Amino acid sequence: LAWSLGQSAKHLRLREKAVNLDPLSLSALSALGQAYVGNNRPDEALEMFERIMAINPGYPSVYEMMGRAYLLQGDADRALIEFDKYTFPRAVLNKARAHAALGNDLEALATINEYLATSAQDDPFWTASIYGWLGDNDQAFEWLEVAFQQRHTFLRTILSNPYLGNLQHDPRYPVFLEKMGLLEAWRAMPPE
């Protein structure tokens, strides 16, 4: 709930407490690692993901999470290696970000276009995230509306989603948040 309401510091404290209470819980380690990524603390995130790998190297999405941490560290080459181990369609955005960080803009665009051609309809929230990251606010809001109509589960992360940061200055953003019941939570968030 703290994460959904944009309360990142509280979210992080709660995730750390969960790991302290159950240090072998893979889901707690994963959630804490993701919280560290969300708070731009990649070294600590990688520590959590390494702990997961030591317990269960086949843990779902650990490679994608590790790739995101490496990307935050500025190691786009290592990030791509990890992203290539994770085959879930929405991982395409992370691959595109890594290619863009390496200056491979054509590869980034090809990766995105492949996703849009094959999976855009299946995952409207992540499609909105792609368009948000690209700066195409019109398309991002169209796909957010589809996600809203479908009650897409990841829509709850809108306040914490780094790919949708471009939308925060668009006048449609507070209107959309009000429709979701998150406008006051957004206004209460500390400025970045």
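Both backbone and side-chain heavy atoms feed into the values below; hydrogens, waters and symmetry mates do not. As the structure is a prediction and not an experimental result, all values here were calculated from the model.
To the nearest 0.5 Å, atom CG of residue Asp77 and atom CG of residue Leu102 are 5.0 Å apart. Expressed to the nearest 0.5 Å, how far CZ of Phe154 lies from OG of Ser129 amounts to 10.0 Å. One distance of note links NZ of Lys17 with CG of Asn20; it measures 9.5 Å at 0.5 Å rounding. Taken to the nearest 0.5 Å, the CD atom of Glu82 stands 12.0 Å off from the CG atom of Asn94. Interatomic distance, Ile130 CD1 to Asp136 CG, rounded to the nearest 0.5 Å: 11.5 Å. With rounding to the nearest 0.5 angstrom, the OH atom of Tyr63 is 11.5 Å from the CD1 atom of Ile52.
Contact between Asp22 and Ala28 at its shortest, heavy atoms only, is O-CB, 4.5 Å. In plain terms, the two heavy atoms of Tyr86 and Ser61 that are nearest each other are CE1-CA, 3.3 Å. The nearest pair of heavy atoms linking Pro57 to Val62 is O-CG1, 4.2 Å. Scanning both residues, Gly67 and Ala79, for their nearest heavy atoms gives O-CB, 3.3 Å. Looking at every heavy atom in both residues, Ala100 comes nearest to Ala108 through N-CB, 4.0 Å. Nearest approach of Trp143 to Gln121, heavy atoms of both residues: CH2-NE2, 3.3 Å.
If you chain together hydrophobic residues whose side chains sit under 4.5 Å apart, Tyr70 and Ile81 never meet in one group. The hydrophobic cluster containing Leu1 also contains Leu159, counting ILVMFWY residues as joined when their side-chain heavy atoms lie under 4.5 angstrom apart, directly or transitively. Note on Leu80 and Phe49: separate hydrophobic clusters, where clusters join Ile, Leu, Val, Met, Phe, Trp and Tyr whose side-chain heavy atoms are under 4.5 Å apart, directly or indirectly. In this structure, Leu24 is a member of the same hydrophobic cluster as Met48, with clusters built from ILVMFWY side-chain heavy atoms closer than 4.5 Å. Leu71 and Leu109 are assigned to two separate hydrophobic clusters, defined by single-linkage of ILVMFWY side chains at heavy-atom distances under 4.5 Å.
Residue pairs that meet the side chain to side chain donor-acceptor pair (under 3.5 Å) test with at least one member in residues 97-111, sequence neighbours left out, are Arg97-Tyr163. Counting only residues at least two apart or in different chains, salt bridge (Lys or Arg N to Asp or Glu O under 4.0 Å) contacts with residues 48-74 are absent.
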For residues 170-180, please give each side-chain donor-acceptor pair under 3.5 Å, one per line with the distance, not counting sequence neighbours.
residue, atom, partner, partner atom, Å
Asp170, OD1, Arg172, N, 2.8
Asp170, OD1, Arg172, NE, 2.9
Asp170, OD2, Asn137, ND2, 3.3
Asp170, OD2, Arg172, NE, 3.4
Asp170, OD2, Arg172, NH2, 2.7
Arg172, NH1, Asp138, OD1, 2.8
Arg172, NH2, Asp138, OD1, 3.0
Lys179, NZ, Glu145, OE1, 2.3
Lys179, NZ, Glu145, OE2, 3.1

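In this structure the side chain of Tyr131 never reaches within 4.5 angstrom of the side chain of Asn166, judged on heavy atoms. The side-chain heavy atoms of Leu12 and Leu32, taken from C-beta on, include a pair separated by under 4.5 Å. Side-chain contact between Leu144 and Leu167 is present, with heavy atoms from C-beta onward closer than 4.5 Å. Put simply, the side chain of Leu29 reaches to within 4.5 Å of the side chain of Ile55, judged on heavy atoms. For the pair Phe83 and Arg78, the minimum side-chain heavy-atom distance is 4.5 Å or more. Between Lys95 and Asp84 there is a side-chain heavy-atom pair separated by less than 4.5 Å. You'll find the side chain of Arg15 stays beyond 4.5 Å of the side chain of Tyr36, heavy atoms only. Residues Phe125 and Leu164 form a side-chain contact, since some pair of their non-hydrogen atoms from C-beta on lies under 4.5 Å apart.
Looking only at distances, no side-chain donor or acceptor of Asn161 sits under 3.5 Å from a matching main-chain atom of Thr157. Between the side chain of Ser30 and the backbone N or O of Leu26 there is no donor-acceptor pair closer than 3.5 Å.
Surrounding CG of Leu106 are at most 12 heavy atoms belonging to other residues, nucleotides or ligands under 6.0 Å away. In Glu114, the CD atom is not crowded: 12 or fewer heavy atoms of neighbouring residues, nucleotides or ligands sit closer than 6.0 Å.
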Working for salt bridge (Lys or Arg N to Asp or Glu O under 4.0 Å), residues Arg187 and Glu184:
CA-CA 5 Å; Arg187 287 184 174 152; Glu184 293 307 315; 3.4 Å; yes

List the steps and the verdict of side chain to side chain contact (heavy atoms under 4.5 Å, CB included) for Gln73 and Leu46.
CA-CA 10 Å; Gln73 284 184 326; Leu46 284 169; 3.5 Å; yes

Side chain to side chain contact (heavy atoms under 4.5 Å, CB included) between Tyr115 and Asp123: does it pass, once the steps are laid out?
CA-CA 10 Å; Tyr115 172 83; Asp123 209 338; 3.4 Å; yes

